[in-house]
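To keep things clear, I will list the structure first and then write my remarks on it.
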Amino acid sequence: MLNYNQSLPEKKLFQDLQISEITPIMKLIIRGKKREFFSAIGKSLNILLPVESNTSTQSQKLSALWLSPDEWMIFSNETSDKNSNYNETEELLIKNISSLNLGAVTDVTDQFVMINLKGDKAYKLFKTGSPFNFNAFQNKKGAVTQTIIAKVDVIIHNQDKNDVNLFVRRSFSEHLFSWMTDAASRL
Amino acid sequence: MKNIAVVEKGWIGGGNTGRNTTIIRSNYLWDASAGLYNHALKIWEGLSQELNYNVMFSQRGVMNLAHNLQDVRDLKRRTHANRLNGIDAEYLNTEEVKKFCPIINTSPDIRYPVLGGTLQRRAGTARHDAVAWGYARGADEMGVDIIQNCEVKAIKRNGDSVKGLETTKGFIKTNKIGVVAAGHSSVIANMAGLKLPLESKPLQALVSEPVKPIIDTVVMSNAVHAYVSQSDKGELVIGAGTDDYISYSQKGSHDIVEGTLNAILELYPIFSRMRMLRQWGGIVDICPDASPIISKTSIKGLYFNCGWGTGGFKATPGSGDLFAHTIANDEPHELNAAFNINRFVSGDLVDEHGAAAVAH
Amino acid sequence: MSKNLRVKSSKFIDETYRVSFKFNGSRYYGYKGDTLASALLANDIHLVGRSFKYHRPRGIMTSGSEEPNVIVQLHNNSDRTEPNVRATEIEIYEGLEASSQNCWPSVNFDIGGINNLLSPLLPAGFYYKTFMWPASFWEKYEYFIRKSAGLGKSPTTPDPDIYEHEYIHCDVLIVGAGISGIIAAKTAAKNGLKTLLVDEKPNLGGSTIYQNSEHFKINNQNSGSWLEKEINEIKKIDNLDIRIRTSVAAFHGYNFLLARENLTDHLPIEQRKNKTRQKLLKIRAKKVITATGSLERPLIFDNNDRPGILLSSAIKRYADLFGVACGEKNIFLTNNDSAYETAISLIQKGIKVEAIVDNREEIESKLLYEVEKNNVKVFKGFTIVNTNGYKKINKVSLMKLSKDGQKVIGSKINLSCDCLGVSGGWTPAVHLFTQSGGKLKFREEDQVFIPNKYSSEQISIGACNGDLTLEDIIENTPKYLKEFLNIKKTDYDNVEVFSSENKSKRNIWLLPSDKILGKTKSFVDYQNDATAKDIKLALREGFRSIEHVKRYTTTGMGTDQGKLGNMHALGIISETAGTKMGEHGTTTFRPPYTPLTFGTIVGRNVGEYFDIFRKTPMHEWHLKNKAEFENVGQWKRAWYYPKNNENMFEAVQRESKAARENAGILDASTLGKIDIQGTDASEFLNRVYTNAWSKLAVGKCRYGLMLNEDGMVYDDGVTTRLGENHYIMTTTTGGAANVLGKLEDYLQTEWPELDVYLTSVTDHFATISVCGPNSKKIISNVIPDLDLSDENFPHMSFKNTKIGKVNCRVMRISFTGEHSYEINIQANYANSVWEKCMEVGKDFNITPYGTETMHLLRAEKGFIIVGQDTDATMTPIDLQMDWIVSKKKYDFIGKRSLYRSDTIKDDRKQLVGLLTDNPNEILEEGAQIVADVNKSPIEMLGHVTSSYYSPNLKKSIALGVVRGGKNMMGKKLIIPMENKTINVTVADPVFLDKENKRLNA
Amino acid sequence: MFIINCPFCGEREQSEFKAGGEAHIERPKQPTELSDDEWAEYLFMRKNIKGIQFERWNHIHGCRKWFNMVRDTSNDEIKAIYKMGEKPPVK
């Protein structure tokens, strides 16, 4: 049996802000342009891919984030078993998408670390290192953006009021986490 | 040659001459570059006397730092090449770097520790305004017409030869035109229907408030991207890289300035409480191989001296001399033969990317 | 010892809170709310500094950021020391220690003052004309020039403070919270706009807030009280963010502004711990309203720089805001009504005003009557021609001005005083406007430059827009706001104003003197000691452009950037040259408006946050096992693992031997990995790599070389065909991001017709490489289900498999020449697999090795490292890798460049092996290679790119590039070192196992 | 620092983008048939215009898409933005 090591060993609590890694969360990047691609996704996963930029959609099991006109990230709403990396959704999509040449499906479960920020200081924290304009974003549930924080590429997902998901590539995650908690300690 | 006019759109020394960080060195990698820049350095060494104008050439040394293993290899390679080309160059280990410039943070614990460096002791800085004024005075005394506030509007041709310049102050008849328009080289080339292998980009520099002497050499770093020296007035003179977009606006993005100071504080944490007094931008014309062009063109009588990118000031006396030779003889001097435009066709580039402190 | 000149209580000063501070070693007291300048003045201290060139005694001249003279060093010799701090800006706090700069041994007795006596010998530009002979002496001269240069001293220890950035996006930014700024803020915010109001001072209201004269009223209240109510109202508005102690430094294009918010500089030092000292606000505003007010102009006359000579407005501010008298016997020199306002304010406080010297002959002003009523003598049509008093002014000499203002006439009148207030009228503070790219126009009537053409969504309002009187501000500001914000009405449309001020002004840039110019010291730039004489000298020497004059005389180049004197410099130039103002250009105001601390600009990106550091999932393991790390791009890679005090050489020798004799394990997770899918994936690879890909079988791996379009080697790596339309590409560590970017570029812009998708999976998979004769045994223990037989799993193929319940991929590829496996596993399980390999490997002498050993092992095998063995001038042909360049393919990136006239030449530098005659001699990487050391100039044929001592071959080996090296096999060459020459022989770059026996061993 | 209206993501700060030089320099379809001069023209020679320039940008820290921009390089004013493959707006 293999041990499972998440990227960020601890969660951090501050006044009005909690920062923690959520794991394991299945994540996929799916790419496609064809009309059949969209319908196949809908049929396979019971979720409509968001076509409007900077938005997301959600089903009971999955969330889908718009990343570009032909790219989405799908992640599961629930954590999975640490002892196995069997990815049912990927398998399904390979069958219904890639093997039919409708698009591409890539497992990125460990490519991205999912950091959840709870509390009303999350955006205040982002503003110390991100040039993105969060004014409208923070009031729009489901909004998604790709931008930079502290020079690190991130995907930010406004899950709910005072509840934000941030996705960052694993090799950058410790640095960003350390940077964020340092800033948060003085907010 | 006689009957020479210099036509300047603004005021002399008001372009990149007045905007640069005045570093002078000749420790280039390739033979062709070494020849060119060392030719210039030799002239620098007697320039104040030659012009009877103090250009304040200060041979305080230029140090280039290595921060990773490939930097070390590259700098050693350059040091060996310099030595064999008769250019003074020393490779320094970290302790020697620290000894030569004690304010550098050489702790092994920093993000990109200083692994070593090179030193050219004959290198240094000069007073940029004085260079422009001294040359102008000298040229004036020799009968050269210096026409300021005179913008070139068109290059008149007679078939494949030039026949004159249309300017805001009238037409100037000539059969030889040498263009030394730095960031605006392409603009002039386009007037003659030529395209050059250049991109003009913003380059920024800044100075701190003046303080008592704290750094008595020039330190450049490629990996931790910034360079610094201290002027005779006491200002820290700081520069770094270019923006990635083409612009003639003489502005650059704040990200560049911030990144530069970021690097400065990594290497000199003691400067954190120093203050930026003034910041400005210039337009530099960059060649794909980070080497200049001093060359004839396909149009007879039209010559270009351009593509100096971020580092033309150091070559000033040499580049002028060789360009004059090229114009007078309609043939390059052996020292600038390698810097012809045709190298971009044949593929014989003089790639100095590794050797310049600025990643172009 | 010193007098107390606190003459009146002020509501802006907390007199219940006494603050002690030190100046030049002596202890003084002030109150909370004082600036260092106001506290010093209250203690009757005027002499604070010495000027830059002549070391003349200088005193407090202004009350704000335009101050040229009183710049001090804070906390000398401590880690919080700071040079060149303006005493007029710093608020005092308990424990403040300040000292004068640029003087030795003290500000009261300064040796450098001798320069003042020598000043006839030190005209502008004197450096350029002297110190040249003999040539070798410049260095020595320079040493002394440098010693006398500079003002304060740089800190010499790291900064203990923390800085931060804040990005702000707002609808409207208002710069300056004077009366017009307050009006704008309320108007914008009440119309629902997200508004940010910033002001550099600790309190809002600008110079109106302390205006309580009967002569200036708004809605029948004195203007200060009226404004106070407005301020109280705006503080309650939700969508209005107010930042005090916040100075806008730069106004860039697209309404991007930088401001510094000062958070702790006014606090006692012990209260600053763990707090952010300053914040850099990065403001992006849809609209910008500049309301930066105006700066009072000094006047230029002989000896106009003595301590005790202040701007009239500064005297008023010190009296009204701080309750401090700048002198007990005040005289004013003015050319407009402003000095009268100050005089009246002083009179009201019982401070004596001796006289007002007014350049104007005819004055029609209620303020004049008020002053004369109070027995102040007004000299109309007079000017001051000289002042006396070394460390403080004690006398002024006046003379009558001629009708045209060009001469003085009559006899001299001497008046004694201890303070002289000067007012030369007002200059709109257009610095930010011009920084933003705005174009100015010149207003003749009062000789000011005002905004004319805006470059972005912005306006200037109030005094900085040329509305220099209260009436104009109240009348015009609402009008401008309505148009700019596109609104119908404001709260200020029907405000009534009453003002006694008259607008008349008599502007003379350089006041005449009874002495010839050469004998006068009329300062234009106080800090840099540039005088009117210097400017005229520059013009005489042929400098015409204002920029030339500025550089030649250093006018406007001080830490105040000429906020006071630039206009006069322009004026004197145009008067002398007989041209119109503005014809010589206006000098460019460059950012920052006031000097900006490096620390603030950098924010928190210092120390560990200087740059991103990327870690592999095994990073902790490497740390625990005492690895030394190498920086590769932003990654930290394990470099070698020293054991028992080994140095690097010893460790690498041990690791290299172990990898060949038993087994080695390498963390290769940093290599870039790109998932490539789509029906045109093979075609895509055909186009980006030099070799052919269509025929690669599913399950197989192939090495690829990627060129730039210029034909030079760009990147390399192994790509594996996972499925018919599915590949995974490996790139170099440093090149990963650029390769992906480049491939995306081609896909999106050149070949959009290709059905290919690229996704980075660099971080998803960690890569564990196990090599050596024992590698097979180790892998078979770690993954028992996997059939490792050569038939099932040959070299250059891959298998999908499982470790426990975890899916992974194993590639049989080798960068060392050894039998080797690379396990690609999801990052979160990787450390566990690594540990498992180590545990299993114990029985097979597994040895972890780092990048240095990897480099050695691959060099034994003659494999290149892109970036080490290549620079941007090497083609695959130069690398003697002709075999990888497909002749059949019609095209690939860079192909055409390989056939240019210079790239097809035979005598290009080519990669070869090099063996030293002495097998124990290790060449230096970077050393140059020659054939003949006696040739002059010496001809360099190439250089050593990689060099190691091979413990497996028991000799040193090297790779190098040599001109024509391809045809030099066996030839002797020379490596000329500084103190010796080393003989080498050109060899095959493959030093070990050319037959690839070990791969399948 | 520009604000760039990414055709896919909307207005973003310049820090999220990377410039890619002159636009509409199409890679020759048959490079092998070009002379050295013609190939050099494609590889290196640039108009480097002062004034209205057509150029390429990449939203590298966002959607990773390339697009075209019309910008006045004399004052950095962005005049238009359009997707790859779209016709440039008439001058």
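All figures in this text were calculated on a predicted structure; none of them were measured in a lab. The analysis underlying the following values was restricted to heavy atoms, covering all of them including side chains, and did not include hydrogens, waters or symmetry mates.
The contact between C/K636 and chain B is made entirely by side chain atoms (from C-beta outward), counting heavy-atom distances below 4.5 Å. When heavy atoms are compared at a cutoff of 4.5 Å, B/Y268 does not approach chain C at all. Only the side chain of B/L206 comes within less than 4.5 Å of a heavy atom of chain C; its backbone N, CA, C and O stay farther away. Neither the backbone nor the side chain of C/Y593 comes within contact range of chain B; no heavy atom of the residue lies under 4.5 Å from a heavy atom of that chain. Using a 4.5 Å cut-off between heavy atoms, B/V72 makes no contact with chain C at all. For B/D348, the parts lying under 4.5 angstrom from a heavy atom of chain C are both the backbone and the side chain. Residue contact with chain C, scored on non-hydrogen atoms closer than 4.5 Å, is absent for B/R343. For C/E978, the parts lying under 4.5 angstrom from a heavy atom of chain B are both the backbone and the side chain. Proximity to chain B involves both the backbone and the side chain of C/Q868, based on heavy atoms less than 4.5 angstrom apart. Only the side chain of B/D129 comes within contact range of chain C, with heavy atoms under 4.5 Å apart. Only the side chain of B/D31 comes within contact range of chain C, judged by heavy atoms closer than 4.5 Å. At a 4.5 Å heavy-atom cutoff, C/I71 makes no contact with chain B through either its backbone or its side chain. C/E925 touches chain B through backbone and side chain together, each having a heavy atom under 4.5 Å away. Contact annotation for C/Q527: neither backbone nor side-chain heavy atoms come within less than 4.5 Å of a heavy atom of chain B. Of the atoms belonging to C/I904, not a single heavy atom falls under 4.5 Å from chain B. Looking at B/R83, the atoms closer than 4.5 Å to chain C (heavy atoms on both sides) all sit in the side chain, from C-beta outward. Of the two parts of B/Q148, only the side chain, counted from C-beta on, holds a non-hydrogen atom closer than 4.5 Å to a non-hydrogen atom of chain C. Using a 4.5 Å cut-off between heavy atoms, C/P155 touches chain B through backbone and side chain atoms alike. Contact of B/R127 with chain C is made through the side chain alone, with heavy-atom distances under 4.5 Å.
Side-chain atoms of C/E852 and C/W639 include a donor-acceptor pair closer than 3.5 Å.
By number of non-hydrogen pairs under 4.5 angstrom with chain C, the leading residue of B/L69, B/I214, B/N68 is B/L69. Heavy-atom pairs under 4.5 Å with chain B were tallied for C/T873, C/D871, C/T554; the largest tally goes to C/D871.
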Distance-only donor-acceptor hits, side chain of residues 274-281 of chain B, under 3.5 Å, sequence neighbours excluded:
| residue | atom | partner | partner atom | Å |
| --- | --- | --- | --- | --- |
| B/R275 | NE | B/E209 | OE1 | 3.2 |
| B/R275 | NH1 | C/E82 | OE2 | 2.6 |
| B/R275 | NH2 | B/E209 | OE1 | 3.0 |
| B/R275 | NH2 | C/P83 | O | 2.8 |
| B/R275 | NH2 | C/N84 | O | 2.6 |
| B/Q279 | NE2 | B/Q204 | OE1 | 3.3 |
| B/W280 | NE1 | B/R19 | O | 2.7 |

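Side-chain atoms of B/D243 never come within 3.5 Å of backbone atoms of B/Y245 as a donor-acceptor pair (strictly under, hydrogens ignored).
Figure legend: cation-pi geometry between B/K76 and B/Y91, with NZ or CZ positioned under 6.0 Å from the six-membered ring centre and within 45° of its axis.
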